[in-house]
Each structure stands twice: as C-alpha cells, then as structure tokens.
Undergrad: 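Shown below is the structure under consideration.
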Amino acid sequence: MHFSFLMTFWTSLIYILPHSGIAQKLIPDSLANSNPTQKIIFLNEQAQKQQTGESAELYYNKAMELASSNNYDSLKLVTQYKRTNFYYQQGLYKKVFEEVNTLDSLARFYNNLFYQFRSHTIRANSFKMTAEENKALSEYEKAVEITKTIGDSLYIADAYNNVGDAYMYLEEFEKSKKYFLLALNIYEQLKVPETEKYVTYKNLSRVSDNLEETEFYLDKAFQIVKNEKNPKKLALFYLTKGDALMTKEYYAESITAFQESYRLADSIDYAFVKTIAAGGWGIANTELGNYDEAILKLREALTYEQPSPKNKLNFMQNLAKAYEGKLDFKSAYAILKEGNVLNDSINVSEANAKYAEFDAKFKTELKDKEITKQQLEITRQKNVRNKLIFYSVVILLIALGLFQWRSNKQKRKKIAVEAALQKEQEINDLRTKFLGNIAHEIRTPLTLVTGNLNLALENLENPKKAKKNIDTALENSKRITADANEILELLRFENSSAQVKKETILLDETLKRIIFSFSSLVEMKQIALNYKSEIPKTLFAEIDIEKTEKIINNLLSNAIKYSPSNTEIIIKSKIENGKLIISVTDFGDGIHYDETEKIFERFYQSVRNTTVGGIGIGLSLSRELAEAMGGSLTVNSEWKKGSTFTFTVPISEAETLTVASRKVINPETISSFEATEKTKSSQHSKILIVEDNPEMVNYLEEILSPMHQCEVAFDGEEALQKINSTNFDLITSDIMMPKMDGFQLREALNQSEAFKNIPFILLSAKTLEEDKIKGFKLGIDDYIVKPFNKNELIARINNLLANKSARQTYQIKNPDLLSTSESSDQKLLKKVEEFILENIDNEEFKIQELAESVGYSQRQFTRILKQYTGMTPVKFILEIRLQKAYQHLQHKTFFTLSEVRYHVGISSSAYFNKKFKERFGINPSDLLS
Ligand code: ADP
C-alpha cells in the first residue's frame with residue numbers, strides 16, 4: 001500500500017515538471033504525511049485560487065491523479081466538478097463544454113446521479129450564457145429527469161425552476177408558468193420558508209395570464225421584501241414589478257411601479273436601479289404614446305453612467321421610437337446611429353437593418369423638403385405604413401433588450417445558486433474528512449491496544465513491564481469509548497429535538513466536581529488548573545446539568561489538549577443577569593482569526609494543528625447544546641497566544657437552603673432493612689452467550705466460565721435452536737447480530753411460556769436511551785453497556801440467578817399458589833413497585849403498609865412476592881432502592897453519594913456501599929467519577 005502510493009507520488013512529480021517549467025511543489029511539506037484525501041482537498045482549494053486555467057490545471061491534474069491511484073471515486077467526481085465549475089466561473093464556456101463531458105461520463109461510469117444532475121445543470125447554464133436557449137432548455141429538462149430518479153424534492157423544485165426560466169426566455173409563458181407552479185407546489189409541500197419562494201413568485205408574476213394573477217404573485221413577493229426592510233431590495237422589487245406589468249402590456253400600472261422604484265433608489269442613491277427605473281418609465285410612456293414624458297425619462301436614463309451597454313441600447317431604441325412617434329425622424333436617426341456604434345455583436349444584424357431603414361427614411365424626408373403641403377400629407381400617409389414596419393422592428397428590439405436585462409438578472413441568480421452548491425460541496429468535503437478522522441482516531445488507539453496486549457503477553461515473566469503495557473492498552477481503549485460516545489451523542493442529538501431537562505442542583509459544588517474531575521489529566525500534562533468561582537456556595541439553581549457538564553467537559557479537554565506543558569488553564573464562573581457565565585482560558589496556540597467561526601462547524605478541524613487528533617464534533621455539539629438551552633458558546637482567541645471560550649446559559653435560582661437543614665436520618669433504622677437470607681450460590685448455572693464477535697465471546701467465556709457453564713450462539717437463530725434443546729438458567733445477548741438481533745430473540749422467547757422467564761441480559765455497544773426502554777418493554781431483566789466492568793457483569797448475573805433459584809424453590813414448595821392468574825399478579829407487582837417508589841426516601845417505611853396498600857395481609861403478600869420475584873419484601877424494597885440509586889448515579893442527578901443515599905432512603909453509608917457492591921459488582925463511587 002505504502003509503496004504504491006510513493007510510486008504515484010514520484011511519477012506525478014516528474015509529470016508536472018515539464019508543464020510548470022519550474023520545479024514547483026504542489027503539496028507543501030507540512031502536508032507530506034497527510035492522507036490522500038486531505039491532499040486532494042488541499043489541491044482543489046489551491047486550484048480554485050489560481051488566476052489562469054493553466055496553473056489551475058496543474059493542481060486539478062494532481063488531485064485527479066491522487067484520487068485515481070487511491071480509487072477514490074467520489075473525490076474524482078468532486079475534482080472534475082470543481083474543474084468544470086472553475087471554467088464556468090471564469091466565463092470560459094468552450095472549456096466548460098469540454099470538461100462537463102468528462103464529468104458527465106465519469107458520473108455515468110460511477111452511476112452517480114447527483115453529478116449527472118450537476119453536469120446537465122452546468123451545461124444548461126453555459127448554454128444560457130451563450131444565448132443558446134433551446135439547448136439550455138433541453139439540458140434543464142434532462143436535469144429534471146435525473147432529480148426525479150434521485151428523489152430529492154428540493155432538487156426537483158430547483159430543476160423545475162430552471163426549466164421555467166428557460167421557457168420564459170423563449171417567451172413560452174404558458175409552459176414556463178407550468179414549471180414555476182410545479183416548483184412552488186413542492187416548496188409548499190416541504191414547507192420551505194416563504195423567503196425562499198421569492199424568485200419563483202417574481203417569475204410567476206411575469207408569466208401570468210392576466211393582471212389579477214400578475215398582481216397576486218407580485219403581492220406574494222412584496223410581502224416577503226416588505227418584511228426584510230431592505231430598501232435596496234425593495235427598489236429592485238418595484239423594478240421587477242414594473243417589468244412584469246410592462247411584459248403583460250399594463251403600461252400605466254408599470255409606470256407607477258417604475259416611479260416607486262425610482263423614488264426609492266433616489267432616496268438611497270442606488271444609481272443602478274434609478275437608471276433602469278427611469279428607462280422603464282420612459283419605455284412604458286413610449287408605448288402609451290406619451291412621447292414627451294418618454295423622451296424626458298429616457299434622456300435622463302441615458303445621462304447616467306450606470307446602464308450597461310445593452311440597457312443603454314434599449315433606451316436609445318425606445319427614445320428613437322418616441323422621436324419617431326413625434327415624427328422627428330432626424331432625432332430618431334441620430335439616436336439610432338449613436339446606438340448602432342454602441343451595439344455589440346449580439347444584435348448587429350438587426351440594428352444594421354433598422355439603421356438602413358431609417359437612413360432611407362431620413363433621405364426621403366430630405367428629398368421631400370421642397371414638396372408642397374399636399375405632397376407632405378401624402379408622405380405622412382406613406383409614413384403610417386412605414387410606421388407599422390418600424391414598430392415591428394422596434395418591438396423585436398425591445399424583446400431583445402428585455403432579454404438582455406433578464407439575462408443579467410439570471411446571472412446574479414446563477415451566482416447565488418452556485419454559491420449554495422459550493423457550500424454543499426464544502427459540507428461533503430468535511431464529511432469525507434470526518435470519516436478519515438474517525439478511521440484514524442479509532443484505528444490508532446486500537447493498534448495500541450492490541451499491540452500492547454501482545455507485548456504484555458510476551459512480557460509475562462516481567463510483571464512490571466506487562467502492567468505498563470496493559471495500562472497503555474486500557475488508556476487507549478478508554479479513548480475509543482470516549483469517541484464512540486461522542487458520536488452516539490451526536491446521533492442522538494440529531495435524532496431528537498434535544499429536550500432540555502432541568503434539575504435543581506447545588507450549583508457551585510456541582511461545577512467544582514465537574515472541573516476537578518480533570519485534576520489527574522492536568523497533572524499528567526503538568527498544567528495548572530485554576531478555578532475562580534463567584535457563585536454563592538449555597539445557591540441551588542435549576543439547570544440542565546447533563547448538557548452543561550458535556551459542554552464544560554469538551555471545553556476543558558480541548559484546553560488541555562491544545563495547551564503546552566507548564567502552562568495554566570483558568571476557569572471562571574459567575575452569575576450575571578440571570579445567566580451562568582463560564583469561561584475557559586488557555587495559553588496554547590490559539591486559533592487563527594480565519595478559523596474562529598469554522599471550528600464550531602460540524603467535522604471541522606483546524607488545518608493548522610492536524611497532529612493532535614480528535615474528530616471535530618466536540619465544539620459543534622457543544623454550541624448546539626448551549627443553544628438548545630437558550631444559551632451561547634463563543635470564542636475569543638489570539639493566534640499563538642491562547643483562547644478563551646465563553647459559555648453562557650440562563651438559569652433560574654431555586655430556594656437557597658443549606659444541606660444541614662435537610663431531614664436528619666436515624667441510622668438505627670437500617671437493621672429493619674437487613675436482608676434476611678444469604679444470596680444463594682449460583683455456582684454452575686448454565687449460561688447462553690449470544691454474541692457475533694468472536695473476541696467478545698472469548699472475553700465473556702473467560703470471565704464467566706470459572707463460575708458457570710457457558711455455551712455460545714453466534715446469532716439469535718442459533719440461540720433459539722440451543723434454547724429449544726438445552727435448559728439455560730440465563731441468557732446474555734448482544735443487540736446487533738446477523739439473521740436475528742437481540743430484540744427479535746427476546747420477542748421470540750416471549751412467545752413461549754417455557755422460555756419467557758429465563759433471565760435475559762442485553763449487552764450492547766449502544767448507549768441510546770431509547771434502546772434501553774425498548775429492551776425493558778420486552779421484558780429484559782438487565783441491560784449492560786459495552787465496554788463494561790467485569791465485576792459488574794458477574795454481580796448482575798449472580799443476582800439474577802439467585803432470584804431465579806429462590807423463585808423456583810418457592811414455587812416447588814408451594815405448588816398451590818401457581819394457580820393465580822399471571823397478568824393480575826404482574827399488575828400487583830407493578831403497583832407494589834410504584835408504592836415503594838413513591839415512598840422511596842422514607843427510611844422507616846413498613847412492609848405492613850406496603851401489603852395493605854395492595855389489599856393483602858403481610859403473610860399473603862410475602863408469599864406472592866416470593867413466588868414471582870424470588871425475593872422477600874425486605875429484599876424487594878432494597879432492590880428498588882438500589883436500582884434507583886444506580887439510576888441517579890448513572891445520570892449524575894446528584895453530586896454526592898450522601899445525596900443519593902438520602903433520596904433512596906438509605907442513611908448508612910457502609911450499608912449502602914456494601915449492598916450496592918453486592919448487587920452491581922461495583923462501588924457506587926465508581927459511577928460518580
Ligand atoms: P476536535 O478537538 O475533536 O478536533 P472540536 O470540535 O472540539 O473537535 O474542535 C475543533 C477544532 O477547534 C480543533 O480541531 C482545534 O483545531 C480547534 N480548537 C478547539 N479548542 C481549541 C483550543 N482550546 N485551542 C486551540 N484550538 C482549539
């Protein structure tokens with residue numbers, strides 16, 4: 001792999017030399033070790049910056065070559081698209097037609113519909129620019145067909161708009177309208193914001209059938225500009241309005257619009273619009289036969305420097321027409337002659353024909369100068385005929401002028417569309433980069449994990465060395481877990497609307513816990529962590545602490561990541577105007593000013609510090625979280641000096657009370673909760689491991705086989721077969737597996753009376769909350785997230801096994817009890833659980849009360865509970881207390897263990913720790929850190 005890459009690198013260097021003439025280096029040394037994707041992106045960016053096609057070609061060729069040698073199909077397409085677009089932007093349409101053919105064939109070869117769509121669109125745009133409207137239309141129509149296959153409604157709508165435009169140029173208003181309406185229909189279905197329909201409304205006003213309809217769409221467009229309060233845009237709108245009305249021959253109405261446009265443009269010195277508005281005003285007056293006013297306004301329009309040659313020509317032609325209307329052929333002739341000089345290649349022939357006509361007319365007039373009044377009258381009559389011919393020529397010219405005018409507008413629209421495409425392209429590029437980052441981020445620590453574990457194996461005789469290897473492996477596996485969590489978090493955020501969950505917490509202490517959890521990390525890097533808090537110690541605040549913690553964690557780990565050793569990180573917190581403000585300052589490299597906003601974009605990583613690692617989503621996620629809470633996240637940074645990130649979030653203060661004033665709990669009452677029986681030995685139970693990853697299977701077997709008899713099934717289907725032929729005491733299953741996944745397996749087991757009570761644990765890499773809920777709904781007994789703590793798994797399995805065996809023993813001893821209908825007992829259990837949860841913080845809570853709450857005597861109640869859970873009431877209450885404590889700790893609802901204990905009604909810390917460890921195999925404090 002490496003060898004062949006080097007080969008292509010050298011051959012490409014040799015290849016570029018003769019072209020460039022000098023030994024120019026296309027890829028700087030700083031990128032020498034980057035991956036090909038990064039290089040290709042860099043080359044394409046450079047190409048874009050080149051002034052000449054020749055130098056841009058060097059970069060594009062090199063990018064293409066890298067993409068080809070690495071078989072990066074999509075990067076090949078991207079490069080070819082950028083190359084084509086480069087020429088389009090330079091206005092080199094001949095080159096565009098060449099390059100777009102290559103783009104099209106590549107897109108067809110790779111069966112990439114998206115780039116086929118782009119090929120047709122860019123070709124059509126170029127045809128439009130070279131005034132080949134019919135060809136443009138046919139290309140736009142092809143683009144429509146492709147967008148339909150792609151199935152993305154917004155693309156389809158854009159493609160329809162393009163076809164509508166093309167028909168509008170061709171003056172086929174009916175067809176044009178049909179397409180604009182199709183586009184509008186899609187926008188409406190997709191509920192796109194009104195502002196995005198502006199252009200479509202404007203276009204529709206031009207191609208409508210009658211005044212009413214034209215005014216309807218003009219009004220729609222007007223409602224949009226009106227809200228924007230942008231006088232420039234408003235002036236432009238009236239210009240469009242005038243144009244639309246004039247196109248429909250509503251000259252008087254169009255004059256009013258042009259006047260409004262003129263007035264607005266004049267008030268803000270918008271000379272460009274003022275000129276055209278004056279021109280339009282004049283043209284419409286010509287049409288109405290108000291020649292004097294027409295001449296005045298057209299003359300005014302022509303005195304400005306602003307109009308483009310084509311507009312100027314248009315005005316001149318109308319001015320000539322006005323003079324002609326006043327039978328002042330001399331002036332008409334002079335104007336047209338001037339206009340002819342101005343005329344460029346586009347309408348040379350028409351202008352020449354017209355010129356010849358006027359020339360003839362003028363000469364005739366001279367000849368007839370001596371003729372009598374009667375003769376003059378005859379000449380006039382003759383002129384009426386000439387006038388008709390003249391009108392048809394002039395109307396043709398007006399159409400041409402209008403076409404040019406629209407063409408200019410189209411050009412601006414096209415630039416906007418191109419900018420949007422460009423933006424999208426950038427996002428695609430970032431995604432590609434992101435995938436590269438992930439591969440890198442995960443592969444590297446993975447290599448270290450496996451490598452170090454192998455080394456540890458080799459170093460077995462030297463425990464010190466082996467331990468070091470294992471520590472490194474562990475450290476790296478933590479890194480992978482952190483990345484995976486970050487990505488899952490992002491997915492979760494994208495899928496949900498990021499609900500804000502506010503809790504009341506003791507603010508200062510909670511912040512301290514979060515910040516000082518970084519103590520060991522900063523110590524390792526020899527960085528001083530300096531926290532300055534101005535928050536009252538006793539202040540309870542309502543805040544979404546889970547999101548806040550994620551943001552602080554991200555800012556702090558970035559600050560540590562980008563700080564050199566022996567520097568300081570300063571964190572300040574305060575409350576101002578109902579807002580919590582936290583700033584994190586580091587004295588690292590800082591962020592270059594051109595990147596200070598980009599770093600908040602998803603997948604973005606600085607181009608300047610590529611070696612540090614990371615996947616570029618931390619900050620974007622943090623900002624989104626901050627905004628979801630109604631807050632903000634900003635940065636102030638100086639390149640090479642350091643950065644300050646400031647996170648602001650609104651909080652509401654809860655009552656201020658001291659912890660000491662809370663309920664005092666009597667430690668004596670513990671005894672009543674002491675479990676009455678010892679956990680039964682679960683030695684040699686039969687466990688079925690359902691898991692498709694062989695390494696995971698090995699690992700689970702290694703952990704569980706010293707105590708249990710293990711069997712393995714590699715997917716749900718195989719598991720079902722095994723369960724049918726063997727009695728298992730417990731099943732652990734992965735979620736994602738081929739053929740039949742963990743949920744499906746559980747569902748299948750639910751169908752059978754014999755199997756549905758086998759304890760079932762889901763082991764999964766997914767941490768998504770929804771999965772957990774789905775699992776429990778299906779009757780799963782426990783759920784453990786990978787990577788898990790070995791002791792936690794063992795304890796949870798043992799606990800489930802112990803309950804199961806207690807249940808069985810009891811059922812065998814009391815067979816008569818089994819007659820009770822199961823569903824009503826399930827309901828009873830649910831009620832019991834709810835009652836306990838309602839009273840969970842009451843340490844003195846009595847079993848008697850519990851039994852009464854469900855209408856049983858204490859003895860009856862004990863029997864039923866035993867039968868279905870295998871637990872005594874005392875143990876059952878304890879189980880629920882512990883489960884709740886686990887939840888609190890996992891979700892970090894409280895900041896200290898004593899708070900958690902208080903909330904689940906266990907006051908003795910020793911008792912709590914002991915029971916918790918027994919039940920979950922880990923210390924409660926393990927979950928706090
Ligand atoms: P990651 O750190 O995973 O790359 P982030 O979204 O957290 O992703 O950060 C994006 C980019 O912002 C980083 O690649 C880095 O270049 C820059 N950055 C973030 N924090 C700092 C900081 N404290 N100092 C300098 N650069 C930073």
Side-chain angles (χ1 to χ4, degrees), residues 30-31 34-35 37-38 41-42 426-427 429-445 476 478-491 493-494 515 518 521-522 525 527-530 547 549-572 582-627 632-647:
S30 57
L31 278 181
S34 306
N35 61 34
T37 308
Q38 283 166 331
I41 290 167
F42 171 82
E426 275 168 21
I427 290 171
D429 290 351
L430 282 173
R431 268 184 201 273
T432 317
K433 204 166 157 187
F434 170 66
L435 290 178
N437 288 344
I438 291 195
H440 171 84
E441 264 306 287
I442 290 180
R443 220 174 13 198
T444 317
N476 279 287
K478 276 188 201 153
R479 218 172 110 187
I480 304 171
T481 314
D483 282 342
N485 282 344
E486 201 172 341
I487 295 166
L488 282 172
E489 185 63 38
L490 181 81
L491 289 177
F493 192 86
E494 284 195 334
I515 290 161
F518 283 87
L521 195 60
V522 286
K525 268 195 89 174
I527 292 170
L529 195 60
N530 189 345
K547 291 194 179 59
E549 179 162 0
K550 279 195 185 111
I551 296 169
I552 301 176
N553 281 347
N554 181 249
L555 296 183
L556 268 175
S557 48
N558 275 348
I560 297 170
K561 196 152 84 176
Y562 299 105
S563 283
S565 294
N566 297 316
T567 56
E568 184 189 25
I569 293 173
I570 302 169
I571 303 130
K572 288 186 186 162
I582 298 178
S583 64
V584 178
T585 304
D586 67 64
F587 300 93
D589 270 349
I591 297 149
H592 199 263
Y593 69 89
D594 64 2
E595 289 189 316
T596 46
E597 269 313 304
K598 285 190 182 155
I599 56 168
F600 293 104
E601 284 170 18
R602 194 150 286 175
F603 314 136
Y604 188 83
Q605 288 194 299
S606 166
V607 287
R608 295 182 174 82
N609 45 18
T610 44
T611 50
V612 192
I615 44 183
I617 56 181
L619 283 177
S620 76
L621 186 61
S622 297
R623 181 175 264 186
E624 280 167 33
L625 289 173
E627 285 170 0
S632 62
L633 178 62
T634 54
V635 66
N636 203 333
S637 182
E638 212 175 320
W639 178 230
K640 292 285 169 209
K641 294 226 165 106
S643 331
T644 298
F645 284 84
T646 308
F647 160 51

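Predicted, not measured: the structure shown is a model, and the values here were computed from it. Whatever order the structure lists them in is the order used to number ligands and atoms, beginning at 1.
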Undergrad: For F587 and S563, which heavy atoms make the closest approach, and how far apart are they?
TA: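 Closest approach of F587 to S563, heavy atoms only: N-OG, 4.3 Å.
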
Undergrad: Is there a polar contact between ligand 1 and S620, counting only N or O atoms under 3.5 Å apart?
TA: no

Undergrad: Give me the atom names and distance for the closest heavy-atom approach of E568 to N530.
TA: OE2-ND2, 2.9 Å

Undergrad: Among L633, T644, I560, which residue meets the side-chain contact (heavy atoms from CB on, under 4.5 Å) test with L555?
TA: L633

Undergrad: Report yes if the side chains of L625 and N554 come closer than 4.5 Å at any heavy-atom pair, otherwise no.
TA: no

Undergrad: What atoms of ligand 1 come within less than 4.0 Å of a heavy atom belonging to I617?
TA: 6 (O), 8 (O)

Undergrad: Distance under 4.0 Å to a non-hydrogen atom of K561: what atoms of ligand 1 satisfy this?
TA: 1 (P), 2 (O), 3 (O)

Undergrad: Say you draw a straight line from CD1 of I569 to CG of N558; how long is it, rounded to the nearest 0.5 Å?
TA: 10.0 Å

Undergrad: Which bit of F645 gets closer than 4.0 Å to ligand 1, counting heavy atoms only: side chain, backbone, both or neither?
TA: side chain

Undergrad: May I ask whether I591 places a heavy atom under 4.0 Å from ligand 1?
TA: yes

Undergrad: Decide whether the shortest distance between a heavy atom of G590 and an atom of ligand 1 is less than 4.0 Å.
TA: yes

Undergrad: So which atom in S637 and which in I591 form the shortest heavy-atom distance, rounded to 0.1 Å?
TA: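 So the two residues come closest at OG-N, 2.8 Å.
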
Undergrad: Does any N/O atom on L619 come nearer than 3.5 Å to any N/O atom on ligand 1?
TA: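 Yes; at least one N/O pair falls below 3.5 Å.
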
Undergrad: For S643, counting its heavy atoms only, list the atoms of ligand 1 lying under 4.0 Å from any of them.
TA: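 What qualifies from ligand 1 is 24 (N).
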
